[in-house]
> 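I'd like to ask some things about the structure below.
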2 protein chains.
Amino acid sequence: MDVRQRLAANLRRLRQERELSQEQFAFEAGIHRTYVSDLERGMRNPTINVVEKLALYFEVPIGALLD
Amino acid sequence: MDVRQRLAANLRRLRQERELSQEQFAFEAGIHRTYVSDLERGMRNPTINVVEKLALYFEVPIGALLD
DNA sequence: CTGTGACTGGGAGTCCGTG
DNA sequence: GCACGGACTCCCAGTCACA
């Protein structure tokens, strides 16, 4: 299981726990909706800036998304 | 303190704890020497792939580098 | 040994749309 | 609501010469 897949799984789980659509989440987190879709499918290799945005939005440490 | 600076500090600390030069470390971790220099100065915004390489080399969770 | 400016190819990230 | 595609811009990955 590589980093991208771990991020994908954690991201989808956290988003669904808060009952948000990809579009709502993308908008509120300041990321493009198609990019969120790609991330949740493990199709992208994001920079740490983007991962930080996600972590800040969910109010979890970055390790909770990547480890 | 943003993510890049935290990574920079953690990276330099871990490398120095192991008493490695940037060149030694870069070679052994499979990263270019000047890229390591940039990372330790917070001049780059790396992707999670690169950060994973660092974490694997140091045998620490990714969160230990970014959180 | 390390910092820095410059360079190129490829990929990060965005925006349009479709079923 | 989501997956997926094409097209676009800009920045990152990776390297080099030099101080």
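The shown structure was predicted, so the numbers you read here are calculated from the model rather than taken from an experiment. Numbers restart at 1 for each chain; the letters A, B, ... are given by sequence-line order, proteins then strands.
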> How about E19(B): does its CD atom have over 12 heavy atoms from other parts shown lying under 6.0 Å from it?
no
> Check this for me, if you would: do R6(A) and E52(B) make a salt bridge, where the nitrogen-to-carboxylate-oxygen distance has to be below 4.0 angstrom?
yes
> Among all residues two or more places apart in sequence or in another chain, which pass the salt bridge (charged side-chain N to carboxylate O under 4.0 Å, His left out) test with R18(A)?
none
> What does nucleotides 2-14 of chain C look like as a protein-contact string, B for base, S for sugar-phosphate only, - for none, at under 4.0 angstrom between heavy atoms?
BBB-------BBB
> Are the side chain of E59(B) and the backbone of L56(B) linked by a donor-acceptor contact shorter than 3.5 Å?
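Not at all, since once roles are kept as given, no pair shorter than 3.5 Å links the two residues.
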> Quick one: which residue pairs count as a salt bridge (charged side-chain N to carboxylate O under 4.0 Å, His left out) with a foot in residues 40-49 of chain B, not counting sequence neighbours?
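Residue pairs passing salt bridge (charged side-chain N to carboxylate O under 4.0 Å, His left out), neighbours aside: R12(B)-E40(B), R15(B)-E40(B), D38(B)-R41(B), D38(B)-R44(B).
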